[in-house]
Asker: 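First, the structure itself, so that you have it in front of you.
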Amino acid sequence: MYKKLEKIVISHLMIILFWGLLFKNKILVEEGPILNAISLILFYTLYGLIYTEISNKKIPGRISILAIFTSLLPLSLLLINDLPYKLVFALISIGSTSLFMKKYLVLENVKYINILPISRKSSQLFTLGLIFFICGVTYLFDIDQLIINIFIQIVFLMIECFFILFLKEKELAFEKTFKLYYLSDYMARERDEFARIIHDDILQDIYASKNFLSSKNPDIGYSKNILRGLEKKARNIMKFYQSSLFEKADLEGSLLAIFDNVGSLYPHKDIEITKGIASDLTEDKRLIRLLSIISKELINNVYKHSHANYLSYKLYKKGNFVYIEMESDGASPDDYNKIKDSKRGVFLLNLLIDSNAGNISYGLNRDILSTRVCLEVDQDENYFVG
């Protein structure tokens, strides 16, 4: 939200600077009533734009820019002394702001908005006190209307800046809370998924083996086969969830183990895999662990969520960056939209990559899903930038 308001504050700053430029070149409007009127219209415009932007998050960016341009540009031109048709420009500015507010202002949300980062009651007292203070200073020091109008605009600009900083801090705090919430939710779902795997893939085989051995004519051979398969299945599940395995091998060994372990969890899926792993890419254990975790999540998503027949995986370093490039078929537009809107697994994968100075991008061409991960690495050392 604060990024949308930055455009309004920058425009306000440009008007004040334009005001000073006209004054410096002695072409600023000199009539006091006109200056007061421009100042009042400017307050109305700024309040209207700010409150509308905050009350409605669905305003298209182009509409916001157009509203700022058509509302503030005519108002700026009114400051020119010899400009004809001043009334027309004033009406254009007021009309543009009013139309923007009428179409996009959400009245139900206005009562919760306060441009000062304090309570509504304190804000009213501050505004009233500021008005009395300005009137008193103007009378005592005999300040002319031009200076007092500039002073008021600068004060309001400072309030806007403080408000944006306040919003920025609030949004950052909310974003952290938002990420922690989904992290805890993801961990809970991972526990549920692990419990389901134990029930479906472990306990069912144990019950079956137990029943065969408890019968009057126990089939010991068949029970042994079930237990052998159970042992293999349990080892694969253990390897999949035991991330410390990444620390015991080099990068290529870790990645090959990941492909084997993930593939073994989905025996009914036959995916042709092509791997291209750069040799001697890194020896840094932290980077190996990071690349292994990211690769495991990406590979598991292909097995779990798509109907892929093939998977191409490439890992290489170029300059200061390490790249993971994956391509697989069997993806649908719905799968692609789920990736973009994910609030759990993919969301947390993005969080992990962002926190390590990287980025991830997806592309869909018919049913071909491509994924590209980029991680920045220090040029002289193997430690990644984070």
Side-chain angles (χ1 to χ4, degrees), residues 1 4-111 113-116 127 130-131 134-135 138 143-161 163-164:
M1 176 58 66
K4 299 177 71 174
L5 299 183
E6 284 177 350
K7 301 182 182 67
I8 300 174
V9 175
I10 291 173
S11 300
H12 189 193
L13 174 62
M14 297 303 294
I15 290 176
I16 294 176
L17 295 177
F18 181 65
W19 199 325
L21 183 64
L22 295 177
F23 176 77
K24 193 73 173 178
N25 290 277
K26 302 185 185 304
I27 53 176
L28 179 68
V29 64
E30 297 177 354
E31 293 86 348
I34 294 179
L35 281 175
N36 292 335
I38 293 173
S39 189
L40 289 174
I41 296 173
L42 183 56
F43 280 125
Y44 167 76
T45 303
L46 292 171
Y47 266 105
L49 294 174
I50 291 173
Y51 272 63
T52 304
E53 289 285 358
I54 297 175
S55 69
N56 190 345
K57 297 181 180 180
K58 298 181 180 180
I59 303 175
R62 290 178 295 179
I63 299 298
S64 297
I65 294 174
L66 181 63
I68 294 172
F69 181 80
T70 55
S71 298
L72 294 180
L73 180 61
L75 196 57
S76 303
L77 296 177
L78 286 175
L79 293 167
I80 301 175
N81 189 31
D82 295 328
L83 182 75
Y85 309 111
K86 283 186 170 60
L87 181 60
V88 175
F89 283 95
L91 292 175
I92 291 173
S93 176
I94 296 172
S96 176
T97 305
S98 301
L99 287 174
F100 181 66
M101 292 172 62
K102 182 179 180 180
K103 187 171 183 179
Y104 293 104
L105 183 67
V106 181
L107 293 175
E108 293 80 3
N109 297 335
V110 170
K111 60 183 179 180
I113 300 173
N114 186 13
I115 194 171
L116 290 172
T127 304
L130 182 63
I131 291 173
I134 290 173
C135 292
T138 303
I143 302 175
D144 60 37
Q145 293 183 350
L146 170 63
I147 301 301
I148 198 62
N149 276 296
I150 287 290
F151 174 73
I152 294 172
Q153 293 298 328
I154 292 175
V155 170
F156 191 69
L157 178 67
M158 293 175 63
I159 292 173
E160 291 171 339
C161 292
F163 181 60
I164 286 181

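Bear in mind that the values here come from a model prediction, so they are computed numbers and not experimental data.
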Asker: Residues two or more places apart in sequence or in another chain: which of them pass side chain to side chain contact (heavy atoms under 4.5 Å, CB included) with Ile134?
Answerer: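 Side chain to side chain contact (heavy atoms under 4.5 Å, CB included) list for Ile134, sorted by chain: Leu130, Thr138, Ile148, Phe151, Ile152.
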Asker: Working to the nearest 0.5 Å, report the span between CG of Leu105 and CG of Asn109.
Answerer: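 Leu105 atom CG to Asn109 atom CG measures 8.5 Å (nearest 0.5 Å).
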Asker: Kindly assign one of parallel, tilted or perpendicular to the pair Phe156 and Phe43, based on the angle between their ring planes and the thresholds 30° and 60°.
Answerer: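 Plane angle over 60°, so perpendicular.
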Asker: Check whether any side-chain heavy atom of Glu160 lies under 4.5 Å from a side-chain heavy atom of Leu46, and answer yes or no.
Answerer: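 A side-chain contact exists here, since the closest heavy-atom pair is under 4.5 Å.
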Asker: Let me confirm one number: the CD-CG distance from Glu30 to Asn81, rounded to the nearest 0.5 Å.
Answerer: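 Between atom CD of Glu30 and atom CG of Asn81 there are 5.0 Å.
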Asker: Roughly how far, to the nearest 0.5 Å, is the CD1 atom of Ile15 from the CG atom of Leu72?
Answerer: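 Separation between the atoms: 4.5 Å.
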Asker: Any non-hydrogen side-chain atom of Lys86 less than 4.5 Å from a side-chain atom of Val29?
Answerer: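 Heavy-atom side-chain distance check passes, below 4.5 Å.
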Asker: Work out which heavy atom in Thr97 is nearest to a heavy atom in Gly48; give both atom names and the distance.
Answerer: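 So the two residues come closest at CG2-CA, 4.5 Å.
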Asker: Identify the two heavy atoms, one from Glu53 and one from Ser64, that lie closest to each other, and give their separation to 0.1 Å.
Answerer: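 In terms of heavy atoms, the two residues are closest at OE2-OG, 2.6 Å.
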Asker: Do Asn149 and Asn36 have side-chain atoms, one donor and one acceptor, less than 3.5 Å apart?
Answerer: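 A donor-acceptor contact under 3.5 Å links the two side chains.
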Asker: In Å and rounded to the nearest 0.5 Å, what is the OG1 to CD1 distance from Thr45 to Ile50?
Answerer: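 Between Thr45 OG1 and Ile50 CD1, I get 10.5 Å after rounding to 0.5 Å.
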Asker: Side chains of Pro74 and Leu78: does their closest heavy-atom pair fall under 4.5 Å?
Answerer: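 When only atoms from C-beta onward are counted, Leu78 and Pro74 do not touch, as no gap falls below 4.5 Å.
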Asker: Indicate yes or no: at least one non-hydrogen side-chain atom of Ile34 is less than 4.5 angstrom from one of Ile38.
Answerer: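 A side-chain contact exists here, since the closest heavy-atom pair is under 4.5 Å.
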Asker: If we only count heavy atoms from C-beta on, is the Met101 to Tyr47 side-chain gap below 4.5 Å?
Answerer: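 Result no, sub-4.5 Å side-chain heavy-atom pair not found.
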Asker: Find the distance between CD1 (Ile16) and CG (Leu157) and round it off to the nearest 0.5 Å.
Answerer: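 Nearest 0.5 Å value for the CD1-CG distance: 4.5 Å.
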Asker: Measure the spacing between CD1 of Ile68 and OG of Ser96 and express it to the nearest 0.5 Å.
Answerer: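 Separation between the atoms: 10.0 Å.
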Asker: Does anything in residues 80-102 pair up under ring-ring contact (aromatic ring centres under 6.0 Å, His included), and if so which pairs, sequence neighbours excluded?
Answerer: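 Listed once each, the pairs are Phe100-Tyr104.
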Asker: Could you pull out all donor-acceptor pairs under 3.5 Å where a side-chain atom in residues 18-28 meets a protein atom, sequence neighbours excluded?
Answerer:
| unit_1 | atom_1 | unit_2 | atom_2 | d |
| --- | --- | --- | --- | --- |
| Asn25 | ND2 | Leu21 | O | 2.8 |

Asker: Side chain of Ser39, backbone of Leu35: donor and acceptor closer than 3.5 Å?
Answerer: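 Side chain of Ser39 to backbone of Leu35, a donor-acceptor pair under 3.5 Å: no, none is there.
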